[in-house]
Amino acid sequence: MTSQRVIARSLVRETFATIGSLYVPVLIISSSGLIMLVVNVFSKLDPLGVALYMTYWIWAGSLSSKALIVYTHRRLTGNKVTVGEAFKQVNTREVQLIFANH
């Protein structure tokens with residue numbers, strides 16, 4: 001068996017060619033989590049802010065992480081999907097996805 005050299009630039013170029021179109025939609029899906037992280041880091045939250053933050057992580061954080069998984073899976077398997085369709089699919093199957101995770 002002969003071994004081939006792995007050229008880092010070629011590997012990175014091929015990787016970006018394969019998954020490069022995922023970056024912007026993934027950033028859009030994850031943006032709410034990034035915003036909440038920045039708010040939490042740069043401000044001292046009062047009790048109302050803590051309640052808002054906890055509500056976000058219980059509901060919206062769960063929804064966006066599941067939409068991210070659905071979007072990435074469908075996109076990498078070759079299916080055409082939009083961010084809105086991923087959220088819609090997660091929203092209609094929320095109960096099934098909750099039981100599948102536990």
Side-chain angles (χ1 to χ4, degrees):
M1 183 185 288
T2 61
S3 62
Q4 294 180 345
R5 289 187 69 195
V6 176
I7 302 169
R9 284 187 179 172
S10 297
L11 182 61
V12 170
R13 189 178 310 120
E14 289 174 16
T15 302
F16 282 132
T18 303
I19 62 168
S21 62
L22 283 175
Y23 288 126
V24 173
V26 165
L27 185 63
I28 291 169
I29 293 171
S30 302
S31 64
S32 62
L34 296 173
I35 291 168
M36 288 302 288
L37 180 68
V38 168
V39 167
N40 188 32
V41 168
F42 292 113
S43 67
K44 294 184 179 187
L45 298 177
D46 58 350
L48 179 62
V50 171
L52 177 66
Y53 189 72
M54 293 301 292
T55 303
Y56 166 78
W57 281 113
I58 290 170
W59 181 74
S62 173
L63 185 69
S64 64
S65 64
K66 290 172 186 167
L68 182 63
I69 292 168
V70 167
Y71 179 83
T72 304
H73 177 267
R74 290 195 59 197
R75 193 66 186 261
L76 290 177
T77 56
N79 296 322
K80 298 273 185 185
V81 64
T82 64
V83 172
E85 290 171 354
F87 273 105
K88 188 182 293 183
Q89 184 176 7
V90 168
N91 198 20
T92 57
R93 296 181 179 195
E94 181 72 23
V95 175
Q96 293 172 349
L97 290 172
I98 289 172
F99 288 122
N101 287 335
H102 298 289

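Just so it is clear, the model here is predicted, and its values are computed rather than measured.
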Colleague: Sequence neighbours left out, what passes side chain to side chain contact (heavy atoms under 4.5 Å, CB included) with Ile69? Give chain and number order.
Modeller: none
Colleague: Would you say the side chains of Lys88 and Thr92 form a donor-acceptor pair under 3.5 Å?
Modeller: no
Colleague: What is the minimum heavy-atom distance between Val81 and Arg74, and which atoms define it?
Modeller: CG2-NH1, 3.8 Å
Colleague: The criterion is side chain to side chain contact (heavy atoms under 4.5 Å, CB included); which residues satisfy it with Arg13, sequence neighbours excluded?
Modeller: Arg9, Ser10
Colleague: Which heavy atom of Ala86 sits nearest a heavy atom of Ala67, and at what distance?
Modeller: CB-O, 3.8 Å
Colleague: Mind checking what makes side chain to side chain contact (heavy atoms under 4.5 Å, CB included) contact with Leu27, not counting sequence neighbours?
Modeller: Leu34
Colleague: Other hydrophobic cluster members with Ile7, side-chain heavy atoms of Ile/Leu/Val/Met/Phe/Trp/Tyr under 4.5 Å, chained?
Modeller: none
Colleague: Who are the side chain to side chain donor-acceptor pair (under 3.5 Å) partners of Thr15, not counting sequence neighbours?
Modeller: none
Colleague: For residues Leu76 and Leu22, determine if any side-chain heavy atom of one lies less than 4.5 Å from a side-chain heavy atom of the other.
Modeller: yes
Colleague: My understanding is that only one of Ile29, Thr77, Val26 makes a side-chain contact (heavy atoms from CB on, under 4.5 Å) with Thr72; could you say which?
Modeller: Val26
Colleague: Specify the closest pair of heavy atoms between Tyr71 and Pro25, including all atoms of both residues, with the distance to one decimal.
Modeller: OH-CG, 3.1 Å
Colleague: If you look only at pairs with a residue in residues 21-30, which of them pass as a side-chain hydrogen bond (donor to acceptor under 3.5 Å, both in side chains), with sequence neighbours excluded?
Modeller: Ser21-Arg75
